[in-house]
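Only a predicted model underlies this, so the values are computations on that prediction, with no experimental measurement involved. Below, read A as the first sequence line, B as the second, and so on, with proteins coming before strands; counting in each chain starts at 1.
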Amino acid sequence: MAAEQQTSRFKRRKMVPADDVDRKNPYLAHMYNDNESQHDSGVSLSDAASLNGHPNGNGSNGSAMKRHATTMKQAQTAEDGPHNYFKPAAQLSDRYFGILKTRRGLPVHAQRQEFLDMYQKTQILVFVGETGSGKTTQIPQFVLFDDLPQSQAKMVACTQPRRVAAMSVAQRVAQEMDVTLGEEVGYSIRFEDMTSPKTILKYMTDGMLLREAMNDHNLTRYSTIILDEAHERTLATDILMGLLKEVVTRRPDLKLIIMSATLDAQKFQKYFMNAPLLAVPGRTHPVEIFYTPEPERDYVEAALRTVLQIHATEPEGDILLFLTGEEEIEDACRKIRLESDDMIREADAGPLEVYPLYGSLPPAQQQKIFSAAPAPFKTGGRPGRKCIVSTNIAETSLTIDGIVYVVDPGFSKQKVYNPRIRVESLLVSPISKASAQQRAGRAGRTRPGKCFRLYTEGAFKKELIDQSYPEILRSNLASTVLELKKLGIDDLVHFDLMDPPAPETLMRALEELNYLACLDDEGELTALGKLASDFPLDPALAVMLISSPEFYCSNEILSLTSLLSVPQVFVRPAAARKRADEMKELFTHTDGDHLTMLNVYHAFKSPSAQDNPKQWCHDHFLSYRALQQADNVRLQLKRIMEREEVELVSTPFEDKKYYENIRRALVAGFFMQVAKRESSGKTYVTVKDEQSVLLHPSTVLGQDSEWVVYNEFVLTSKNYIRTVTAVKPEWLLEISPTYYNVEEFRKGEVKSSLMKVRDRANRRAAVAPAGRR
DNA sequence: GCTAAGATC
């Protein structure tokens with residue numbers, strides 16, 4: 001059978017099981033050569049009791065524990081109950097003891113004493129724990145029993161890159177500690193603060209901790225801060241690391257734990273003044289890796305072929321295929337379904353259920369990936385299985401049990417930033433070795449699995465970089481620089497980041513903030529800049545919002561800002577493009593996409609739509625989720641505006657300047673994102689950078705607008721500007737004279753055109769009576 | 001002729 005042959009084209013390669021790796025792990029050297037026996041005996045209960053008093057003032061159970069001098073034995077005694085150590089009045093439940101037994105079987109538990117020894121000795125600790133080690137749930141609890149934050153009226157914080165992780169881990173740990181979620185154990189994410197004055201352990205997003213740091217530079221509420229998943233190197237984690245590196249010197253009482261997957265632990269150690277490192281093995285099943293002997297020309301085609309081969313020839317087990325984006329995924333799903341139907345008819349294959357998975361999929365659709373694989377057509381027949389075709393959301397954010405086969409073509413969409421043309425865009429790029437490993441690991445969650453890499457072993461070794469570049473090296477840093485200024489970091493150039501961005505990127509950010517008048521010419525934060533940093537928004541959006549009362553439309557700009565900070569509100573399913581476009585026309589404002597979006601929002605908030613908003617959105621091909629989210633953001637921003645006394649005003653809808661005012665306010669924030677149509681008629685050129693661009697095909701704007709502001713630059717098959725609205729050149733000169741200092745423009749169509757406009761305006765001004773202007 | 005995913009007092 002052809003499929004059989006093709007499978008054997010994969011070169012077999014045995015992957016070493018995680019445990020073996022760890023035995024040979026040089027980071028673990030310290031485990032085997034020193035004084036671990038000294039703690040083995042532990043402190044006897046009576047010894048412990050003679051130490052300091054119980055921090056709760058209640059020694060009802062466990063032994064008295066001295067802060068930063070406790071032992072594993074003491075903690076375990078306390079955990080063994082019968083009373084809840086952190087809630088002395090409460091008796092521990094049966095469920096608690098059930099979970100406790102499981103917890104004590106986790107790999108981290110075997111090294112609890114070792115962890116305590118290191119934690120007590122050092123201010124900063126790097127902790128490496130692989131998947132399945134239990135680090136995220138257990139380490140914070142180990143810390144609690146030694147740090148005793150309640151005795152200092154402080155908390156232990158544990159950051160996560162994702163909201164869902166912060167929520168679900170907090171939920172789990174509250175159960176493990178037999179407390180109510182939101183009391184002793186809570187979480188804090190945007191739009192939801194699930195903590196109380198009782199809280200001693202708080203899981204939170206890294207962005208949330210960063211926001212807190214802006215108002216409390218020393219993070220005084222915390223006695224220990226744990227940065228989890230630090231290897232993901234999110235922008236917020238990177239900045240927190242730089243910040244905390246300074247905070248620890250100002251606050252000798254603060255302890256810091258950096259938790260990461262193994263790969264670059266030494267880098268963290270080095271960065272944190274050679275902090276000691278503790279490594280704990282994970283618990284996963286071995287995954288066999290296969291490579292293609294030759295490079296594949298068309299990775300999608302190769303991926304489909306591989307999936308079908310697995311279905312035809314491999315034993316029972318579900319398949320996970322990684323592709324790069326929505327359209328590619330939907331297309332692949334369609335093709336796999338077609339082919340598998342043929343296989344069922346012609347080759348007696350088992351049933352195959354195919355599910356797409358990507359972030360913008362409605363939650364109900366996302367949930368489907370967890371449904372059980374289909375049963376064989378008849379008992380004893382060929383196994384049924386499910387195949388999930390996913391973006392890299394399945395690499396870190398979503399874990400699907402039951403996956404035995406992973407197909408990895410080796411690509412993902414990644415953000416790249418080019419400071420020269422100031423364009424952030426998404427490009428399909430090769431993944432890193434670390435990502436490839438993470439993907440392979442998805443096959444070994446429940447039992448031994450196989451991973452088919454659609455590239456050669458040579459390519460894996462030589463062409464893939466070890467780690468993806470951290471986000472800070474791939475982003476426009478305007479909002480980061482503003483945050484750093486607000487964090488009290490004056491000297492950005494010498495701020496010690498783990499991977500300092502290119503000087504050009506920093507310069508661009510400073511320049512942009514200076515044009516936005518958030519920083520003065522000395523680089524100091526202005527009043528506007530301070531105010532802008534209070535909003536969880538990109539600087540351009542924040543400035544637009546803050547300026548909008550001057551244009552009598554802050555209510556409208558508030559709505560628009562919210563809409564621009566959430567995913568696309570227009571839905572356009574491949575099967576109903578025409579109807580979707582017709583529906584969009586109902587909202588179209590011919591002057592631009594911004595105004596069209598605003599029309600959508602107003603319609604959404606109208607009583608007739610609010611009657612059954614979900615249905616209404618469905619009928620009008622709009623994303624209910626996005627609009628709801630926009631509503632949420634709007635409320636949050638509105639509260640900040642009220643607090644900061646930014647006026648909320650509107651131009652009456654009947655006023656003929658209603659839309660014009662909104663368009664002018666757009667210019668106040670986005671004057672740097674303006675393009676002019678070239679005389680040739682089809683293409684546009686961005687001002688100053690002179691990039692040749694096209695209007696994105698989704699725009700409502702015709703080709704008749706000479707000047708437009710755009711919300712984003714997307715670099716896909718061509719250079720597009722997306723979400724565009726027509727503006728008048730005289731507004732540019734009037735609203736942002738510093739940026740539109742025409743003399744400084746490079747010679748060209750933009751310059752000559754703006755000069756004409758300026759001269760016309762000047763003539764008019766000269767003629768007009770002084771009092772009239 | 002449209003292409004990620006995660007985050008923000």
TODO: Before accepting this row, confirm whether a basic side-chain N of the pair A:Lys638/A:Glu642 lies closer than 4.0 Å to the acidic partner's carboxylate O.
DONE: yes
Open item on the list: If you only use heavy atoms from C-beta on, which nucleotide in B:dG6, B:dA5, B:dG1 is closest to the side chain of A:Arg162?
Closed with: B:dG6
Task: Nearest to side-chain heavy atoms of A:Lys413, which nucleotide of B:dA4, B:dC9, B:dC2 - done: B:dA4
Open item on the list: As a test of reading the structure: which of B:dG6, B:dC9, B:dT3 is closest to the side chain of A:Ile640, going by heavy atoms?
Closed with: B:dC9
TODO: Go through the N and O atoms of the side chain of A:Arg572 and the base of B:dC2, and report whether any donor-acceptor pair is under 3.5 Å.
DONE: yes
Open item on the list: Within the supplied structure, the quantity of interest is the number of heavy atoms (other residues, nucleotides, ligands) at a distance under 6.0 Å from A:Lys267 NZ; does it exceed 12?
Closed with: yes
TODO: When you get a sec, tell me which of B:dG1, B:dC9, B:dA5 is the closest nucleotide to the side chain of A:Pro697?
DONE: B:dG1
Task: A:Gly325 or A:Leu537, whichever maps to the more 5' nucleotide of DNA chain B - done: A:Gly325
TODO: Tell me which nucleotide among B:dC2, B:dC9, B:dA5 gets nearest to the side chain of A:Gln636.
DONE: B:dC9
Open item on the list: Against the six-membered ring of A:Phe570, is A:Lys584 placed for a cation-pi contact (under 6.0 Å from the centre, within 45° of the normal)?
Closed with: yes
Open item on the list: Please pick, from B:dA7, B:dC2, B:dA5, the nucleotide with the shortest atom-to-atom distance to any side-chain atom of A:Arg163.
Closed with: B:dA7
Task: Rounded interatomic separation in angstrom, taking NZ from A:Lys530 and P from B:dC9 - done: 20 Å
Open item on the list: Counting the atoms with a prime plus P, OP1 and OP2 as sugar-phosphate, which does A:Glu471 contact under 4.0 Å by heavy atoms, base, sugar-phosphate, or nothing?
Closed with: base
Open item on the list: I want to confirm an ordering. Mapping A:Arg643 and A:Thr391 to their closest nucleotides on DNA chain B, which one lands closer to the 5' end?
Closed with: A:Thr391
TODO: Identify which nucleotide among B:dT8, B:dT3, B:dA4 has an atom closest to any side-chain atom of A:Lys415, counting heavy atoms from C-beta outward.
DONE: B:dA4
Task: Non-hydrogen atoms of A:Leu537 and A:Ser565 that approach each other most closely - done: CD2-OG, 3.7 Å
Open item on the list: Whole angstroms only, please: what is the CZ-C1' distance between A:Arg233 and B:dA5?
Closed with: 18 Å
Task: Side-chain donor/acceptor of A:Glu232 to base of B:dG6, under 3.5 Å - done: no
Task: Protein-nucleotide distance (A:Glu229, atom CD; B:dG6, atom P), rounded to Å - done: 14 Å
Task: Ring-face cation of A:Arg439 near A:Phe322 (centre distance under 6.0 Å, axis angle within 45°) - done: yes
Task: Sugar-phosphate, base or nothing in reach of A:Thr324, heavy atoms under 4.0 Å - done: sugar-phosphate
Task: Residue A:Thr205, side-chain atoms from C-beta onward, closest of B:dG1, B:dA7, B:dC9 - done: B:dA7
Open item on the list: What is the distance, to the nearest angstrom, from the CD atom on A:Gln438 to the P atom on B:dG6?
Closed with: 14 Å
Open item on the list: Applying a 4.0 Å non-hydrogen cut-off, can you work out what A:Phe191 is touching in the nucleic acid: base, sugar-phosphate, or nothing?
Closed with: nothing
Open item on the list: Whole angstroms only, please: what is the CG-C1' distance between A:Leu715 and B:dG1?
Closed with: 16 Å
TODO: Kindly point out which of B:dG1, B:dG6, B:dC9 is positioned nearest to the side chain of A:Arg190?
DONE: B:dC9
Open item on the list: If I take atom CD in residue A:Glu483 and atom C1' in nucleotide B:dA7, what distance separates them, rounded to the nearest angstrom?
Closed with: 10 Å
Task: Length of the line joining A:Asn632:CG and B:dC9:C1', which is rounded to integer Å - done: 13 Å
Open item on the list: Please classify the nucleic acid contact of A:Phe535 as base, sugar-phosphate, or nothing, using heavy-atom distances under 4.0 Å.
Closed with: nothing
Open item on the list: Does A:Asp206 reach a base, just sugar-phosphate, or nothing at all? Heavy atoms under 4.0 Å.
Closed with: nothing
Task: Stepwise ring-ring contact (aromatic ring centres under 6.0 Å, His included) test for A:Phe670 and A:Tyr710 - done: CA-CA 7 Å; A:Phe670 286 86; A:Tyr710 59 91; 8.5 Å; no
Task: Pair A:Arg221 + A:Asp216, salt bridge at N-O below 4.0 Å - done: no
Open item on the list: Under 4.0 Å from OP1 or OP2 of B:dC2: is there any side-chain N or O of A:Tyr720 that close?
Closed with: yes
Task: Nearest to side-chain heavy atoms of A:Glu327, which nucleotide of B:dA5, B:dT3, B:dA7 - done: B:dT3
Open item on the list: Just the rounded figure in Å: distance from C1' of B:dC9 to CE of A:Met204.
Closed with: 11 Å
